[in-house]
Amino acid sequence: MYVCLCYPTTERQIRAAALCGARRLRDIRPVATQCGKCARCAHALLRKAARELLPAATPPSL
């Protein structure tokens, strides 16, 4: 699905950027810099991808 139409960017591309370390909208520029309508969706995709990448918290072993 296209997230940004001003600078053709797909959901898959945003997830790939998150895998490479992108965590903020500024990390995936120029997304959300023209009209800004995609900013909310793009930011949500980055947050979701970051949560999926983080290992689950495990209690320390005793």
Side-chain angles (χ1 to χ4, degrees):
M1 166 179 86
Y2 276 93
V3 175
C4 181
L5 297 178
C6 298
Y7 297 99
T9 308
T10 64
E11 182 178 345
R12 185 178 292 176
Q13 290 171 311
I14 292 175
R15 288 180 189 202
L19 284 172
C20 293
R23 294 294 178 263
R24 301 173 295 176
L25 285 178
R26 109 178 11 171
D27 297 334
I28 58 171
R29 278 187 180 157
V31 172
T33 59
Q34 186 68 31
C35 75
K37 291 181 180 181
C38 63
R40 191 178 284 169
C41 181
H43 187 65
L45 286 169
L46 283 174
R47 281 193 318 247
K48 182 179 178 188
R51 280 193 309 264
E52 291 172 357
L53 292 173
L54 292 175
T58 56
S61 301
L62 295 177

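Just the heavy atoms: all of them, side chains too, but no hydrogens, waters or symmetry mates, feed the values below.
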Exercise for review: Test side-chain contact (heavy atoms from CB on, under 4.5 Å) on Thr9 and Ile28 and set out the steps.
Suggested key: CA-CA 10 Å; Thr9 308; Ile28 58 171; over 6 Å; no
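Residue Tyr7 is found outside any hydrophobic cluster, as its side-chain heavy atoms come under 4.5 Å of no other Ile, Leu, Val, Met, Phe, Trp or Tyr.
Contact between Gln13 and Pro8 at its shortest, heavy atoms only, is OE1-O, 3.8 Å.
Sorted by first then second residue, the salt bridge (charged side-chain N to carboxylate O under 4.0 Å, His left out) pairs that include residues 6-18, not counting sequence neighbours, are Glu11-Arg15.
Every side chain to side chain contact (heavy atoms under 4.5 Å, CB included) that Arg29 has, sequence neighbours left out, goes to Arg26, Thr33.
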Could you tabulate the donor-acceptor pairs under 3.5 Å formed by side-chain atoms of residues 36-46, not counting sequence neighbours?
| residue | atom | partner | partner atom | Å |
| --- | --- | --- | --- | --- |
| His43 | NE2 | Arg47 | NH1 | 3.3 |

